[in-house]
Amino acid sequence: MATRDDVECWLTDMDGVLVHENQALPGAPELIQQWLDEGTEFLVLTNNSIFTPRDLSARLRSSGLHVPEERIWTSALATADFCKSQMPGGSAFVIGEAGMTTALHEAGFIMTETAPDYVVVGETRNYSFEAITKAVRLIRAGARFIVTNPDATGPSAEGVLPATGAIAAMIEKATGKQPYVVGKPNPMMFRSAMNRIGAHSENTGMIGDRMDTDVQAGIEAGLHTVLVMTGISDQAEIDKYPFRPSEVISGVHELVRTEPFEVEL
């Protein structure tokens, strides 16, 4: 298992680590800039499959974080990457938004409602009973059932919303088929991200704010795991689990280098 000194590449969660309620957290802009200045390979990860990397880059910019779109890895991209590796040039019926359909299109997939290879369920704010019914019938007819992430609820200004995992549970109940979930805590999400930047588990660190997704998947992928306390976790939350992160820090500001970075000649 890598120590922080061994880490040459970083994967980091977004919400609760870099931003909170559309505001950059302390140290986040400096850490991203430090990685860019030093040529450190990194990706910002999110289980949210609604938005494209370009959308997310713009949203982060309005929060005070300048993250190039090619440095963002979503569960939609990981899902499209997985589907392409399994069935290049395949077809899919999608319940989801532009982030998911764009990723599949760019992976060479066609969208169809007629005998698709996959039914892919991602995050959306516009679930329809008609679309869910269609997904159930297609899966019962033999389509493979893929879900971008397992989160049962998501946040909103008004309170929690039912999310991908809740809709997937309805489809699972109606079909008797379990979905394959690509996003965190499946370490597949991290492996596809590492492949994207040419990283290896021995020299990669993962920064997250959740024990049940970020830390669990990071440990299973063999990464150096850093839990920050700026999200949902506190000591009581950490104590619930039989595993521990490699280190616990108060926030990403602790990872910002204070001395100038010197390039060895």
Side-chain angles (χ1 to χ4, degrees), residues 4 7-81 97-100 102-103 106 122-123 148-149 154-157 183-184 189-190 192-199 203-210 213-214 218 223-232 247 249-263:
R4 197 197 296 182
V7 173
E8 297 173 11
C9 308
W10 285 99
L11 306 178
T12 177
D13 188 33
M14 190 162 65
D15 295 310
V17 177
L18 301 177
V19 291
H20 177 66
E21 293 181 353
N22 299 321
Q23 290 294 318
L25 285 163
E30 293 83 359
L31 183 61
I32 295 294
Q33 194 57 52
Q34 175 180 295
W35 287 341
L36 291 168
D37 291 345
E38 296 180 1
T40 299
E41 289 290 352
F42 74 94
L43 281 176
V44 175
L45 272 56
T46 176
N47 258 356
N48 188 315
S49 62
I50 290 181
F51 303 107
T52 65
R54 185 174 300 172
D55 297 332
L56 287 169
S57 180
R59 289 167 70 90
L60 288 171
R61 200 174 306 120
S62 68
S63 305
L65 276 174
H66 295 280
V67 182
E69 62 181 278
E70 64 273 14
R71 291 293 176 182
I72 297 172
W73 190 248
T74 70
S75 63
L77 292 172
T79 299
D81 191 62
E97 303 285 339
M100 191 65 253
T102 302
E106 290 181 351
E123 204 73 52
T148 59
N149 61 291
S156 80
K184 299 178 291 181
M189 173 98 170
F190 291 173
S192 62
M194 286 190 288
N195 287 341
R196 178 68 172 256
I197 58 174
N203 66 354
T204 302
M206 170 65 203
I207 310 165
D209 72 317
R210 296 181 67 111
T213 54
D214 304 316
L223 309 183
H224 177 81
T225 53
V226 179
L227 182 75
V228 296
M229 306 302 272
T230 45
I232 68 158
E247 54 180 315
I249 61 176
S250 59
V252 291
H253 61 277
E254 289 192 34
L255 297 174
V256 178
R257 191 189 301 279
T258 51
E259 74 277 8
F261 178 69
E262 293 180 7
V263 178

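What's counted below: heavy atoms across the whole structure, side chains too, no hydrogens, waters or symmetry copies.
- Considering only heavy atoms from C-beta on, Met229 comes within 4.5 Å of Leu227 through its side chain.
- A donor atom on one side chain and an acceptor atom on the other are not found under 3.5 Å apart for Asn195 and Ser192.
- Salt bridge status for Asp13 with Lys184: present, with a side-chain N to carboxylate O gap under 4.0 Å.
- Formation of a donor-acceptor pair under 3.5 Å by the Asp37 side chain with backbone atoms of Gln34 is not found in this model.
- Between Arg54 atom CZ and Arg59 atom CZ the span is 16.0 Å, to the nearest 0.5 Å.
- To the nearest 0.5 Å, atom OG1 of residue Thr102 and atom CE of residue Met100 are 9.0 Å apart.
- In this structure, His224 and Trp10 have perpendicular ring planes: the angle between them is above 60°, well past the 30° mark.
- For Asp209 against Val17, the heavy-atom pair with the smallest separation is N-CG2, 3.7 Å.
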Test Phe42 against Leu31 for side chain to side chain contact (heavy atoms under 4.5 Å, CB included), laying out the working first. CA-CA 11 Å; Phe42 74 94; Leu31 183 61; over 6 Å; no

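- Applying side chain to side chain contact (heavy atoms under 4.5 Å, CB included) to Leu11 and the options Ile207, Asp214, Leu45 leaves one that passes, Leu45.
- Nearest approach of Val19 to Ser63, heavy atoms of both residues: CG1-CB, 4.1 Å.
- When the salt bridge (Lys or Arg N to Asp or Glu O under 4.0 Å) test is applied to Arg71, the partners found at least two apart in sequence or on another chain are Glu41.
- Considering CG of Asn149 and CE of Met189, their distance stands at 8.5 Å, rounded to 0.5 Å.
- With a 4.5 Å cut-off on side-chain heavy atoms, Pro68 and Leu36 count as touching.
- From Thr46, atom OG1 reaches atom CD1 of Ile72 across 9.0 Å, with rounding to the nearest 0.5 Å.
- Atoms CD and CD1, from Glu8 and Ile197 in turn, are 11.0 Å apart once rounded to the nearest 0.5 Å.
- Between the side chain of Ser49 and the backbone N or O of Ser75, no donor-acceptor pair lies under 3.5 Å.
- Within the 4.5 Å cutoff, the side chain of Glu254 has no heavy atoms near those of the Val228 side chain.
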Take Asp81 and Arg196 through the side chain to side chain contact (heavy atoms under 4.5 Å, CB included) test and state the conclusion after the steps. CA-CA 10 Å; Asp81 191 62; Arg196 178 68 172 256; over 6 Å; no

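- Across all non-hydrogen atoms, the minimal contact from Leu43 to Glu70 is CD2-O, 3.6 Å.
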So Met14 and Leu60, side chain to side chain contact (heavy atoms under 4.5 Å, CB included) or not? Walk me through it. CA-CA 9 Å; Met14 190 162 65; Leu60 288 171; 3.7 Å; yes

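- Nearest heavy atoms, Thr230 versus Gly251: CG2-CA, 4.1 Å.
- Counting all heavy atoms, side chain and backbone alike, Ala199 lies closest to Thr204 at CB-OG1, 3.4 Å.
- Taking OG1 from Thr74 and CG from Asn48, the interatomic distance works out to 8.0 Å, rounded to the nearest 0.5 Å.
- Within a 6.0 Å sphere centred on NE2 of His20, other residues, nucleotides and ligands contribute 12 heavy atoms or fewer.
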